Amino acid sequence: MPEGDTVYRAAAKLSAALTGKVVTRFDIRVPGSATADLRGETVHEVAARGKHLLHRIGGYTLHSHLKMEGRWDVYRPGERWRRPAFKARAIVGVTGADAVGFDLAMVEVLRTVDEHTVIGHLGPDLLADDWDEAEAVRRVAADPREAHVALLDQRNVAGFGNVYANELLFVRGIAPTTPATEIDVQATIALGERMIRANLPRPERTFTGDTRPGRRFWVYGREGAPCRRCGTPIRATSLGASETSERNVYWCPTCQPG
(Lines give C-alpha, C1' and ligand atoms only; values in the text may rest on other atoms or scores of the structure.)
Protein backbone atom coordinates (compact mmCIF):
# COMPACT_ATOMS: atom_id res chain seq x y z
CA MET A 1 0.00 0.00 0.00
CA PRO A 2 1.60 3.31 -1.06
CA GLU A 3 2.32 5.59 1.89
CA GLY A 4 4.80 8.40 2.46
CA ASP A 5 7.84 6.12 2.49
CA THR A 6 6.73 4.36 -0.71
CA VAL A 7 6.27 7.66 -2.53
CA TYR A 8 9.63 8.98 -1.26
CA ARG A 9 11.43 5.90 -2.62
CA ALA A 10 9.56 6.19 -5.92
CA ALA A 11 10.64 9.82 -6.28
CA ALA A 12 14.28 8.90 -5.61
CA LYS A 13 14.16 6.11 -8.22
CA LEU A 14 12.52 8.33 -10.82
CA SER A 15 14.81 11.26 -10.14
CA ALA A 16 17.90 9.08 -10.55
CA ALA A 17 16.68 7.91 -13.96
CA LEU A 18 15.34 11.20 -15.32
CA THR A 19 16.98 14.24 -13.71
CA GLY A 20 19.09 16.36 -16.03
CA LYS A 21 17.88 14.60 -19.17
CA VAL A 22 15.78 15.90 -22.06
CA VAL A 23 12.29 14.44 -22.46
CA THR A 24 11.97 12.43 -25.69
CA ARG A 25 8.57 10.87 -24.98
CA PHE A 26 5.66 12.38 -23.09
CA ASP A 27 2.35 10.54 -23.12
CA ILE A 28 -0.44 11.40 -20.66
CA ARG A 29 -3.42 9.09 -20.95
CA VAL A 30 -6.07 10.92 -18.97
CA PRO A 31 -8.61 13.59 -19.97
CA GLY A 32 -7.56 17.12 -19.20
CA SER A 33 -3.83 16.67 -19.78
CA ALA A 34 -3.78 14.25 -22.72
CA THR A 35 -2.67 16.98 -25.14
CA ALA A 36 0.24 18.16 -22.98
CA ASP A 37 3.60 17.77 -24.72
CA LEU A 38 6.83 18.40 -22.82
CA ARG A 39 9.18 16.79 -25.32
CA GLY A 40 12.38 18.80 -25.61
CA GLU A 41 12.15 20.05 -22.04
CA THR A 42 14.67 19.08 -19.34
CA VAL A 43 13.69 17.16 -16.21
CA HIS A 44 14.82 19.23 -13.22
CA GLU A 45 13.86 16.70 -10.53
CA VAL A 46 11.21 14.31 -9.30
CA ALA A 47 10.11 15.21 -5.78
CA ALA A 48 7.76 13.71 -3.22
CA ARG A 49 5.40 15.75 -1.08
CA GLY A 50 3.43 13.59 1.31
CA LYS A 51 1.78 11.06 -1.00
CA HIS A 52 2.12 13.25 -4.09
CA LEU A 53 4.76 12.90 -6.82
CA LEU A 54 5.99 15.94 -8.72
CA HIS A 55 7.94 15.58 -11.98
CA ARG A 56 9.34 19.09 -12.54
CA ILE A 57 10.02 19.42 -16.24
CA GLY A 58 10.92 22.74 -17.85
CA GLY A 59 8.45 25.24 -16.42
CA TYR A 60 5.82 22.57 -15.80
CA THR A 61 5.01 19.87 -13.27
CA LEU A 62 3.54 16.44 -13.91
CA HIS A 63 1.58 15.85 -10.72
CA SER A 64 0.45 12.34 -9.79
CA HIS A 65 -0.97 10.52 -6.78
CA LEU A 66 -0.66 6.77 -6.24
CA LYS A 67 -3.75 6.38 -4.04
CA MET A 68 -4.22 2.65 -3.32
CA GLU A 69 -3.00 0.84 -6.44
CA GLY A 70 -0.72 3.23 -8.32
CA ARG A 71 2.99 2.81 -9.00
CA TRP A 72 5.78 4.16 -11.19
CA ASP A 73 8.25 1.81 -12.88
CA VAL A 74 11.44 2.60 -14.80
CA TYR A 75 12.29 0.56 -17.89
CA ARG A 76 15.00 0.47 -20.51
CA PRO A 77 13.67 1.53 -23.91
CA GLY A 78 12.01 -1.51 -25.50
CA GLU A 79 11.95 -3.50 -22.26
CA ARG A 80 8.70 -5.38 -21.62
CA TRP A 81 6.47 -3.70 -19.05
CA ARG A 82 5.55 -5.66 -15.95
CA ARG A 83 1.95 -4.42 -16.07
CA PRO A 84 -0.59 -4.31 -18.93
CA ALA A 85 -0.26 -1.32 -21.23
CA PHE A 86 -3.91 -0.36 -20.75
CA LYS A 87 -3.13 0.41 -17.10
CA ALA A 88 -0.50 3.01 -18.03
CA ARG A 89 -1.63 6.55 -17.29
CA ALA A 90 1.60 8.49 -17.89
CA ILE A 91 4.88 7.88 -19.71
CA VAL A 92 7.97 10.09 -19.46
CA GLY A 93 10.82 8.96 -21.69
CA VAL A 94 14.42 10.17 -21.83
CA THR A 95 17.54 8.76 -23.42
CA GLY A 96 18.08 5.38 -21.79
CA ALA A 97 14.93 5.20 -19.69
CA ASP A 98 11.13 5.23 -19.79
CA ALA A 99 9.21 6.02 -16.61
CA VAL A 100 5.70 4.58 -16.68
CA GLY A 101 2.95 5.33 -14.18
CA PHE A 102 0.34 2.59 -13.79
CA ASP A 103 -3.09 2.78 -12.16
CA LEU A 104 -2.52 6.37 -11.06
CA ALA A 105 -5.63 7.83 -9.44
CA MET A 106 -4.61 11.40 -10.23
CA VAL A 107 -2.55 12.72 -13.13
CA GLU A 108 -2.32 16.31 -14.35
CA VAL A 109 0.12 18.73 -15.92
CA LEU A 110 0.29 22.27 -14.56
CA ARG A 111 2.75 25.14 -14.38
CA THR A 112 5.31 24.62 -11.63
CA VAL A 113 4.49 28.05 -10.18
CA ASP A 114 0.94 26.73 -9.64
CA GLU A 115 1.94 23.66 -7.61
CA HIS A 116 0.42 25.25 -4.54
CA THR A 117 -3.03 24.59 -6.02
CA VAL A 118 -2.52 20.82 -5.65
CA ILE A 119 -0.22 20.49 -2.62
CA GLY A 120 -0.64 23.79 -0.76
CA HIS A 121 -3.20 22.24 1.57
CA LEU A 122 -0.77 19.64 2.92
CA GLY A 123 0.56 19.75 6.45
CA PRO A 124 4.25 19.29 7.34
CA ASP A 125 5.88 16.46 5.39
CA LEU A 126 7.41 13.75 7.59
CA LEU A 127 10.22 13.08 5.12
CA ALA A 128 10.91 16.58 3.83
CA ASP A 129 14.08 18.53 4.58
CA ASP A 130 11.85 21.26 6.03
CA TRP A 131 9.93 18.85 8.31
CA ASP A 132 8.24 20.91 11.04
CA GLU A 133 7.36 18.60 13.92
CA ALA A 134 6.02 21.40 16.11
CA GLU A 135 3.52 22.49 13.44
CA ALA A 136 2.38 18.91 12.85
CA VAL A 137 1.86 18.46 16.58
CA ARG A 138 -0.09 21.71 16.76
CA ARG A 139 -2.43 20.66 13.94
CA VAL A 140 -3.11 17.16 15.23
CA ALA A 141 -3.54 18.35 18.82
CA ALA A 142 -6.20 20.81 17.68
CA ASP A 143 -8.20 18.14 15.83
CA PRO A 144 -11.15 16.92 17.94
CA ARG A 145 -11.77 13.83 15.80
CA GLU A 146 -10.63 10.27 16.50
CA ALA A 147 -6.84 9.93 16.68
CA HIS A 148 -6.84 7.53 13.72
CA VAL A 149 -8.74 10.02 11.56
CA ALA A 150 -6.60 12.99 12.66
CA LEU A 151 -3.34 11.19 11.83
CA LEU A 152 -4.58 10.26 8.36
CA ASP A 153 -5.66 13.80 7.50
CA GLN A 154 -2.88 15.00 5.19
CA ARG A 155 -3.74 18.59 6.12
CA ASN A 156 -2.45 17.82 9.61
CA VAL A 157 0.66 15.85 8.72
CA ALA A 158 1.64 14.58 5.27
CA GLY A 159 2.90 11.04 4.83
CA PHE A 160 1.02 8.77 7.21
CA GLY A 161 -1.23 6.19 5.55
CA ASN A 162 -3.58 3.65 7.05
CA VAL A 163 -0.90 1.09 7.86
CA TYR A 164 1.12 3.65 9.81
CA ALA A 165 -1.91 4.99 11.65
CA ASN A 166 -2.90 1.50 12.82
CA GLU A 167 0.58 0.39 13.84
CA LEU A 168 1.54 3.69 15.44
CA LEU A 169 -1.53 3.78 17.66
CA PHE A 170 -0.93 0.20 18.77
CA VAL A 171 2.68 0.86 19.75
CA ARG A 172 1.57 3.96 21.67
CA GLY A 173 -1.25 2.02 23.39
CA ILE A 174 -3.93 4.38 22.08
CA ALA A 175 -7.41 3.21 21.09
CA PRO A 176 -8.08 4.45 17.53
CA THR A 177 -11.34 6.11 18.61
CA THR A 178 -9.67 8.25 21.28
CA PRO A 179 -10.00 11.95 20.39
CA ALA A 180 -6.68 13.37 19.20
CA THR A 181 -7.07 16.15 21.75
CA GLU A 182 -6.70 13.55 24.54
CA ILE A 183 -3.46 11.84 23.46
CA ASP A 184 0.20 12.73 23.83
CA VAL A 185 0.49 14.09 20.31
CA GLN A 186 4.16 15.09 20.52
CA ALA A 187 5.24 11.57 21.51
CA THR A 188 2.97 10.01 18.88
CA ILE A 189 4.24 12.18 16.03
CA ALA A 190 7.87 11.72 17.08
CA LEU A 191 7.45 7.94 17.10
CA GLY A 192 5.70 8.02 13.74
CA GLU A 193 8.58 9.98 12.21
CA ARG A 194 11.10 7.45 13.55
CA MET A 195 9.02 4.60 12.16
CA ILE A 196 8.70 5.99 8.66
CA ARG A 197 12.37 6.99 8.45
CA ALA A 198 13.46 3.57 9.71
CA ASN A 199 11.41 1.93 6.95
CA LEU A 200 12.86 4.06 4.14
CA PRO A 201 15.76 1.71 3.28
CA ARG A 202 13.75 -1.48 3.75
CA PRO A 203 12.29 -3.33 0.76
CA GLU A 204 9.36 -4.39 2.99
CA ARG A 205 8.28 -2.11 5.81
CA THR A 206 8.10 -3.63 9.28
CA PHE A 207 6.87 -2.35 12.63
CA THR A 208 7.73 -5.36 14.78
CA GLY A 209 11.37 -5.50 13.70
CA ASP A 210 10.71 -8.93 12.17
CA THR A 211 10.86 -8.93 8.36
CA ARG A 212 9.56 -12.48 7.87
CA PRO A 213 6.27 -12.83 5.95
CA GLY A 214 3.30 -12.57 8.29
CA ARG A 215 5.40 -11.14 11.12
CA ARG A 216 5.86 -7.51 10.10
CA PHE A 217 2.70 -5.99 11.61
CA TRP A 218 1.37 -5.76 15.14
CA VAL A 219 -2.29 -5.32 14.25
CA TYR A 220 -2.78 -4.25 10.62
CA GLY A 221 -4.74 -6.87 8.66
CA ARG A 222 -4.76 -9.26 11.65
CA GLU A 223 -8.45 -9.28 12.64
CA GLY A 224 -9.17 -12.27 14.90
CA ALA A 225 -5.51 -13.22 15.27
CA PRO A 226 -3.96 -13.14 18.76
CA CYS A 227 -2.20 -9.95 19.81
CA ARG A 228 1.55 -10.48 19.65
CA ARG A 229 1.87 -8.91 23.11
CA CYS A 230 -1.05 -10.24 25.17
CA GLY A 231 -2.88 -12.85 23.07
CA THR A 232 -6.20 -10.99 22.93
CA PRO A 233 -7.91 -11.37 19.52
CA ILE A 234 -7.36 -8.32 17.32
CA ARG A 235 -10.53 -6.44 16.50
CA ALA A 236 -11.44 -4.50 13.37
CA THR A 237 -13.82 -1.75 12.38
CA SER A 238 -13.78 1.22 10.02
CA LEU A 239 -13.28 4.92 10.68
CA GLY A 240 -13.11 8.00 8.49
CA ALA A 241 -13.94 11.66 8.18
CA SER A 242 -16.87 10.61 5.97
CA GLU A 243 -18.47 7.42 4.68
CA THR A 244 -16.46 7.65 1.46
CA SER A 245 -13.15 8.06 3.27
CA GLU A 246 -13.48 5.26 5.81
CA ARG A 247 -10.46 3.01 6.32
CA ASN A 248 -10.02 -0.39 7.94
CA VAL A 249 -8.97 -0.03 11.56
CA TYR A 250 -7.36 -2.74 13.68
CA TRP A 251 -6.61 -2.68 17.39
CA CYS A 252 -6.07 -4.77 20.51
CA PRO A 253 -8.75 -3.98 23.11
CA THR A 254 -6.36 -4.94 25.93
CA CYS A 255 -3.22 -3.11 24.80
CA GLN A 256 -5.25 -0.14 23.49
CA PRO A 257 -8.02 0.36 26.04
CA GLY A 258 -10.72 2.85 25.03
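Bear in mind the structure is a predicted one, so any value in this text is a computation, not a measurement.
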What residues join [X] in its hydrophobic cluster, counting side-chain heavy atom gaps under 4.5 Å, either direct or through other members?
{"X": "Met106", "value": "none"}
{"X": "Phe102", "value": "Tyr75, Trp81, Ile91, Val100"}
{"X": "Val23", "value": "Val7, Leu14, Leu18, Phe26, Ile28, Val30, Leu38, Val43, Val46, Leu53, Ile57, Tyr60, Leu62, Leu66, Trp72, Val74, Val92, Val94, Leu104, Val107, Val109"}

With sequence neighbours left out, write down each residue that passes salt bridge (charged side-chain N to carboxylate O under 4.0 Å, His left out) with [X], or none if nothing qualifies.
{"X": "Lys13", "value": "none"}
{"X": "Arg216", "value": "Glu204"}
{"X": "Asp184", "value": "none"}
{"X": "Glu193", "value": "Arg197"}

Under the side chain to side chain donor-acceptor pair (under 3.5 Å) test, which residues partner Asn156, sequence neighbours left out?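 Asn156 satisfies side chain to side chain donor-acceptor pair (under 3.5 Å) with Asp143 only.
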Under 4.0 Å between a side-chain nitrogen and a carboxylate oxygen: does that hold for Arg49 and Asp130?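 Yes, charged N to carboxylate O under 4.0 Å.
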Can we say Asp5 and Arg205 salt-bridge, meaning some charged N sits less than 4.0 Å from an Asp/Glu carboxylate O?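 Here Asp5 pairs with Arg205 in a salt bridge, since their nearest N and O are under 4.0 Å apart.
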Salt bridge (Lys or Arg N to Asp or Glu O under 4.0 Å) partners of residues 231-240, not counting sequence neighbours, each pair once: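 Those involving residues 231-240 do not exist here.
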Salt bridge (Lys or Arg N to Asp or Glu O under 4.0 Å) partners of residues 112-124, not counting sequence neighbours, each pair once: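 Applying salt bridge (Lys or Arg N to Asp or Glu O under 4.0 Å) to every pair that reaches into residues 112-124, excluding sequence neighbours, yields Arg56-Glu115, Arg111-Asp114.
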Heavy-atom donor-acceptor pair, [X] side chain to [Y] backbone, under 3.5 Å:
{"X": "Thr178", "Y": "Ala147", "value": "no"}
{"X": "Thr206", "Y": "Asp210", "value": "yes"}
{"X": "Gln256", "Y": "Ile174", "value": "yes"}

Under 4.5 Å between any side-chain heavy atoms of Ile234 and Tyr220, yes or no?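 They are not in contact (no side-chain heavy atoms under 4.5 Å apart), so the answer is no.
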Given Asn162, which of Glu3, His148, Glu167 fulfils the side-chain hydrogen bond (donor to acceptor under 3.5 Å, both in side chains) condition?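 In the set Glu3, His148, Glu167, the residue that makes a side-chain hydrogen bond (donor to acceptor under 3.5 Å, both in side chains) with Asn162 is His148.
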Tell me, please, which residues at least two apart from His44 pass ring-ring contact (aromatic ring centres under 6.0 Å, His included).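 If we apply the ring-ring contact (aromatic ring centres under 6.0 Å, His included) test to His44, skipping adjacent residues, there are no hits.
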With sequence neighbours excluded, residues passing ring-ring contact (aromatic ring centres under 6.0 Å, His included) with Phe170: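 Counting only residues at least two positions away or on another chain, Phe170 forms a ring-ring contact (aromatic ring centres under 6.0 Å, His included) with Trp218.
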Approximate separation, where rounding is to 0.5 Å, of Thr211 OG1 and Arg202 CZ: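 Those atoms lie 8.5 Å apart.
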